[in-house]
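A short worksheet on the structure shown next.
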Amino acid sequence: MSKKQVVLIDAGHAVVAYDLDPAHLEEARTIGAVVAASPADLVKALMAPRAVWIMLPHGTPTVQTIETLTGLLAAGDLIIDGGNSHYLASIAAAAQCSRRGIEFIDAGVSGGVWGLAEGYCIMAGGPPAAMSRIAPVLTALTQPGGFAHVGPSGAGHFVKMIHNAIEYGMLQAMGEGFECLERSEFGIDLRKVAALWQHGSVVRCWLLELMDKAFAEDGARLEHIAPDLEDSGTGRWTIEYAVEGGIPIPAITDSVYARFSSRDTDRFSARVIAALRKQFGGHSVKRA
């Protein structure tokens with residue numbers, strides 16, 4: 001069950017939910033969603049023309065689910081992929097759906113665990129008619145100005161890929177800067193600096209608010225967090241795209257390699273990045 005369902009139900013949309021985890025389905029039932037026992041039951045419970053939003057890990061789970069749905073849905077129905085699929089996979093999925101008369105939207109979703117309270121940011125790709133049809137749902141999920149139709153099929157997930165790559169670079173800069181502060185001879189209060197920089201500073205941003213929160217929750221030197229960083233794949237995909245196009249992106253590339261090296265070295269910068277990923281995205285962290 002996605003927290004997005006709560007937002008949609010509160011906005012007056014009818015929601016039918018399906019999940020492999022029975023606990024998630026029970027949670028969906030408690031907030032007013034109709035619960036389906038299978039993808040086939042999900043399709044039967046929706047009124048035509050149907051709109052099915054999938055939110056799954058990229059790769060095989062998403063590909064197999066789209067294949068299943070295209071065999072169940074009818075011409076005029078719509079699939080929205082709200083996960084972090086590779087944009088080329090989304091272009092292929094759109095073509096697969098089109099052959100059956102089914103519309104497809106690739107929706108890059110940002111906002112992490114704060115999206116429910118603050119409103120998500122959605123960058124969507126697909127045909128204009130399908131976008132207009134689903135716009136009330138996307139508007140309900142986002143904060144004012146937080147939804148845009150960014151181009152044809154694949155564009156939504158491409159923009160989200162670049163968004164995530166920029167995030168990699170920003171997190172790396174934040175981590176390296178705070179490591180310099182932490183290693184200095186001045187005994188600097190890192191939380192105090194994180195709070196200070198939120199007021200009038202050129203570098204003020206939401207990440208500094210979360211940095212302040214992380215120091216409060218995970219220790220003044222983030223001693224409760226291990227310096228071990230995962231990467232979701234979008235940074236690697238951006239590097240591949242840039243290499244193919246001859247686009248120099250040294251900051252983003254270095255930030256991805258820094259995540260690899262974090263698994264073998266003890267760097268304070270990695271603790272900072274791990275703490276921030278936990279704060280904004282609910283990503284799991286290893287405890288020190």
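The backbone N or O of L229 sits less than 3.5 Å from a side-chain atom of S262, completing a donor-acceptor pair. In this structure, the side chain of D106 engages the main chain of G156 through a donor-acceptor pair within 3.5 Å. At distances below 3.5 Å, not a single donor-acceptor pair connects side-chain atoms of R277 with backbone N or O atoms of A274. A donor-acceptor distance shorter than 3.5 angstrom exists from the side chain of W114 to the backbone of Q279, with no hydrogens or angles considered. Without hydrogens or angle criteria, R259 side chain to E230 main chain gives a donor-acceptor distance under 3.5 Å. Without hydrogens or angle criteria, T62 side chain to P57 main chain gives a donor-acceptor distance under 3.5 Å. A donor-acceptor contact shorter than 3.5 Å links the side chain of Q198 to the backbone of A194. Using modelled atom types, one side-chain atom of S184 and one backbone atom of L181 make a donor-acceptor pair closer than 3.5 Å.
The minimum heavy-atom distance linking A130 with L78 is given by the pair CB-CD1, 4.1 Å. Taking both residues in full, the closest heavy atoms of L190 and A220 are given as CD1-O, 4.0 Å, listed atom of the first, atom of the second, then distance. Here the shortest heavy-atom pairing between E176 and S269 reads N-CB, 3.7 Å. The shortest heavy-atom contact between S90 and D81 is OG-OD2, 4.4 Å. Nearest approach of G76 to R133, heavy atoms of both residues: O-NH1, 3.0 Å. The minimum heavy-atom distance linking T68 with P39 is given by the pair CG2-CB, 4.2 Å.
The hydrophobic clustering, which links ILVMFWY residues whose side-chain heavy atoms are closer than 4.5 Å, places L46 and I54 together. Connection of M47 to V137 is not established within any shared hydrophobic cluster, with ILVMFWY side chains joined at heavy-atom distances below 4.5 Å, either directly or through further cluster members. Hydrophobic clustering (side-chain heavy atoms under 4.5 Å, transitive across Ile, Leu, Val, Met, Phe, Trp, Tyr) groups W197 together with I273. A continuous path of Ile, Leu, Val, Met, Phe, Trp and Tyr side chains, each step under 4.5 Å between heavy atoms, connects L171 with V193, placing both in one hydrophobic cluster. The same ILVMFWY cluster, assembled from side-chain heavy atoms under 4.5 Å apart, contains both I80 and I9.
The shortest side-chain heavy-atom distance between Y241 and M161 falls under the 4.5 Å cut-off. Within the 4.5 Å cutoff, the side chain of E167 has heavy atoms near those of the H163 side chain. In this structure, the side chains of I66 and Q96 come closer than 4.5 Å at one or more pairs of heavy atoms. By the 4.5 Å heavy-atom criterion applied to side chains, Y18 and D41 are not counted as neighbours.
Rounded to the nearest 0.5 angstrom, Y87 OH and K160 NZ are separated by 16.0 Å. We find the OG1-CG distance between T238 and N164 to be 7.5 Å, quoted to the nearest 0.5 Å. With values rounded to the nearest 0.5 angstrom, L138 atom CG is found 10.5 Å from S132 atom OG. One finds the NE2 atom of H13 at 7.5 Å from the CG atom of L141 (value rounded to the nearest 0.5 Å). Between the CD atom in E217 and the CG atom in L222 there is a gap of 11.0 Å [rounded to 0.5 Å]. Atom NE2 of residue H58 and atom CG of residue L56 lie 12.0 Å apart, to the nearest 0.5 angstrom.
The aromatic rings of F280 and W206 sit tilted relative to each other, their planes meeting at an angle between 30° and 60°. Classified by interplanar angle (parallel below 30°, tilted 30° to 60°, perpendicular above 60°), the ring pair F268/F215 is parallel. Ring orientation note: the planes of H86 and W237 are tilted relative to one another, at an angle of 30° to 60°.
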>> Test side chain to side chain contact (heavy atoms under 4.5 Å, CB included) on V109 and M55; report intermediate values, then the result.
In response: CA-CA 10 Å; V109 181; M55 204 80 182; 4.2 Å; yes
>> Go through it in stages, so that I can follow the logic: the residues are I252 and Q172, the test is side chain to side chain contact (heavy atoms under 4.5 Å, CB included), and I'd like the CA-CA distance, side-chain angles, deciding distance and then a yes or no.
In response: CA-CA 9 Å; I252 291 171; Q172 187 63 30; over 6 Å; no
>> Before you tell me yes or no, could you show the steps for R100 and L73 under side chain to side chain contact (heavy atoms under 4.5 Å, CB included), namely the whole-Å CA-CA distance, both residues' side-chain angles and the distance that decides it to 0.1 Å?
In response: CA-CA 9 Å; R100 292 178 174 266; L73 295 171; over 6 Å; no
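Residues passing the salt bridge (charged side-chain N to carboxylate O under 4.0 Å, His left out) test with E67: none are found, sequence neighbours excluded. Scored by the side-chain contact (heavy atoms from CB on, under 4.5 Å) test, S98 finds no partners at all (sequence neighbours excluded). In terms of the salt bridge (charged side-chain N to carboxylate O under 4.0 Å, His left out) criterion, residue partners of E179 (sequence neighbours excluded) are, by chain and number, R183, R267. Shown here are the salt bridge (charged side-chain N to carboxylate O under 4.0 Å, His left out) partners of R50, two or more places apart in sequence or in another chain: D77. Not counting sequence neighbours, the partners of T253 by the side-chain contact (heavy atoms from CB on, under 4.5 Å) test are I239, I249, Y257.
The side-chain hydrogen bond (donor to acceptor under 3.5 Å, both in side chains) test with D218 singles out one residue from R271, K278, H224, and that residue is K278.
Residues M123, V150 make up the rest of the hydrophobic cluster containing V159, defined by ILVMFWY side-chain heavy atoms closer than 4.5 Å, directly or through other members.
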